[in-house]
Amino acid sequence: MTASPSSDGPGSGERDARWWPAVGVSTAALLDAAAHLVGYHEVSGMPTFPWWTSLGAAALALVAAGLPAPAVRAAVLWLGSGSILALSSLPVLPHDLLVVVSHLIVQVSGGKDLFAVDTPWLAVIRHLVVLTAAGAAWRAGVRARRRARGVCPGCGRIESREAAVGRRLARVGGLLAIVAPLPYVWLKLEWATGSTVGLADPDYFDGVTFFTPGFGDTALLGGLGVVVALAMMTVPRQRLVRATLVGIGAIGSVMLVPVGVLGALLLGATLLTVMPMDEDLAIRPWVFTMVYPSFLLWGVGLALATWQYWKGTKPACAYHRGPVP
């Protein structure tokens with residue numbers, strides 16, 4: 001049996017499917033260049049690829065779109081293009097998002113802003129545009145690789161059927177995403193209710209309440225992450241629920257993993273005496289030793305759970321008709 005013609009089959013439809021991501025990546029690269037020429041406020045000091053590398057990513061996408069399919073070379077170029085775009089934005093996005101979310105919470109609650117910086121609205125918009133283009137390039141690379149393997153480019157399967165959930169990996173990721181945030185949530189609740197646990201300066205959080213931005217709201221967001229992980233482990237397949245869980249899980253992973261990796265590296269450097277420890281910290285060292293590894297485990301667990309849930313709840317491919325030769 002052979003697959004019936006579809007939008008991914010040979011012909012103009014396949015060529016269009018390759019060129020649309022290239023147009024998207026090129027547009028994002030031009031907007032990225034314009035944002036840098038205009039100048040925008042960036043609050044994070046995390047290292048990223050320089051802005052002009054997005055133009056190189058656009059060049060790779062255009063070359064990949066012009067290669068005949070199926071071609072493994074096209075897949076490599078697409079994936080390289082997406083990776084360049086991601087590394088020019090992803091490391092700094094978590095800090096920018098944190099500042100924006102904190103600002104929005106302050107506007108709603110009427111509290112005092114935690115960050116003495118301007119809200120990086122343009123930076124966040126720039127990062128979202130660039131990362132959307134990175135996702136399009138990665139998707140094009142995955143589809144090109146699937147074409148080269150002779151499987152359905154839409155779902156990557158030989159036969160049209162729902163994918164099985166990788167239950168063991170999903171369970172491990174879900175359990176990590178449930179257990180890892182508990183120390184952080186506990187600390188935030190303690191400080192929000194007047195406790196001085198973990199504080200070298202007992203007056204450091206004087207005046208803080210549950211409704212102070214960065215305390216009760218952060219604990220609630222941690223609780224939301226636990227609820228999302230639990231929901232993913234029950235594998236609900238309803239479309240709106242699935243999109244909501246995947247969206248929350250993806251955003252949470254993007255914010256947690258870079259912060260967790262950086263915090264773990266700084267913590268390791270301090271423990272190995274590569275970096276000196278600040279003796280004047282208002283928060284005791286054991287707090288950082290507990291929190292940063294929990295961020296890393298939380299982010300990795302949520303990413304695993306989200307990936308397995310997204311992959312395992314994909315419906316049968318609508319464009320797949322029988323085995324692919």
Side-chain angles (χ1 to χ4, degrees), residues 43-44 46 91-106 109 111-115 172-202 204-233 245 247-271 277-278 281-306:
V43 299
S44 175
M46 289 283 286
V92 295
L93 179 60
H95 192 183
D96 289 343
L97 275 178
L98 181 62
V99 173
V100 168
V101 170
S102 174
H103 175 76
L104 292 175
I105 291 173
V106 167
S109 65
K112 183 180 179 181
D113 208 329
L114 292 177
F115 301 97
V172 170
L175 289 174
L176 277 177
I178 291 168
V179 175
L182 296 182
Y184 179 67
V185 172
W186 166 71
L187 269 177
K188 286 291 187 174
L189 288 175
E190 287 286 331
W191 292 339
T193 53
S195 173
T196 59
V197 62
L199 298 181
D201 178 2
Y204 188 61
F205 289 138
D206 190 31
V208 164
T209 68
F210 184 84
F211 298 100
T212 301
F215 290 86
D217 53 349
T218 306
L220 291 176
L221 288 174
L224 176 62
V226 172
V227 171
V228 166
L230 283 169
M232 286 180 182
M233 294 179 72
L245 294 179
I248 294 174
I251 293 172
S253 302
V254 166
M255 295 185 71
L256 288 166
V257 172
V259 174
V261 170
L262 178 62
L265 290 175
L266 293 176
L267 181 62
T270 303
L271 294 176
M277 180 178 292
D278 189 347
L281 288 174
I283 300 176
R284 298 191 183 279
W286 68 260
V287 173
F288 300 102
T289 306
M290 180 179 71
V291 167
Y292 282 119
S294 75
F295 275 175
L296 182 56
L297 292 175
W298 185 6
V300 170
L302 190 59
L304 283 175
T306 303

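Computed from a predicted model, the values in this text were never measured in an experiment.
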### CG on Leu267 to CE on Met290, rounded to 0.5 Å
12.0 Å

### Task
Considering non-hydrogen atoms only, spot the tightest contact between Leu176 and Pro181 and give its length.
O-CD, 3.9 Å

### Task
Specify the closest pair of heavy atoms between Ser195 and Leu199, including all atoms of both residues, with the distance to one decimal.
O-CD1, 4.2 Å

### Query
Which value, rounded to the nearest 0.5 Å, describes the distance between Tyr184 atom OH and Lys188 atom NZ?
4.0 Å

### Task
First locate atom CG of Leu256, then atom CD1 of Ile251, and finally report the distance between them rounded to the nearest 0.5 Å.
11.5 Å

### Message
Is the ring pair Tyr292/Phe288 parallel, tilted or perpendicular, if the boundaries are 30 and 60 degrees?
### Response
parallel

#### Entry: Nearest heavy atoms of Gly173 and Ala305, plus distance in Å
C-CB, 3.9 Å

### Task
For the pair Trp191 (side chain) and Val197 (backbone), establish whether a donor and an acceptor sit closer than 3.5 Å, ignoring hydrogens and angles.
yes

### Task
Of all the heavy-atom pairs spanning Ala177 and Val226, show the shortest one and how long it is.
O-CG2, 4.2 Å

### Task
Provide the closest heavy-atom pair for Ile178 versus Leu182 in the form atom of the first, atom of the second, distance.
O-CG, 3.5 Å

### Message
So, taking the atom named CZ in Phe205 and the one named OG1 in Thr193, what distance separates them when rounded to the nearest 0.5 Å?
### Response
12.5 Å

### Query
Are the side chain of Ser253 and the backbone N or O of Ala303 linked by a donor-acceptor pair below 3.5 Å?
yes

### Message
Restricting to non-hydrogen atoms, name the atom on Met232 and the atom on Gly249 that form the minimum distance, rounded to 0.1 Å.
### Response
CE-CA, 4.2 Å

### Message
Using 0.5 Å steps for rounding, measure from the CG atom of Leu187 to the OG1 atom of Thr218.
### Response
12.0 Å

### Task
Report the C-alpha separation of Phe210 and Leu220 in whole Å, then their side-chain angles, then the decisive distance to 0.1 Å, and conclude whether the side chain to side chain contact (heavy atoms under 4.5 Å, CB included) test is met.
CA-CA 10 Å; Phe210 184 84; Leu220 291 176; 4.2 Å; yes

### Query
Can you tell me how far CG of Leu175 sits from CG of Leu297, rounded to the nearest 0.5 angstrom?
12.5 Å

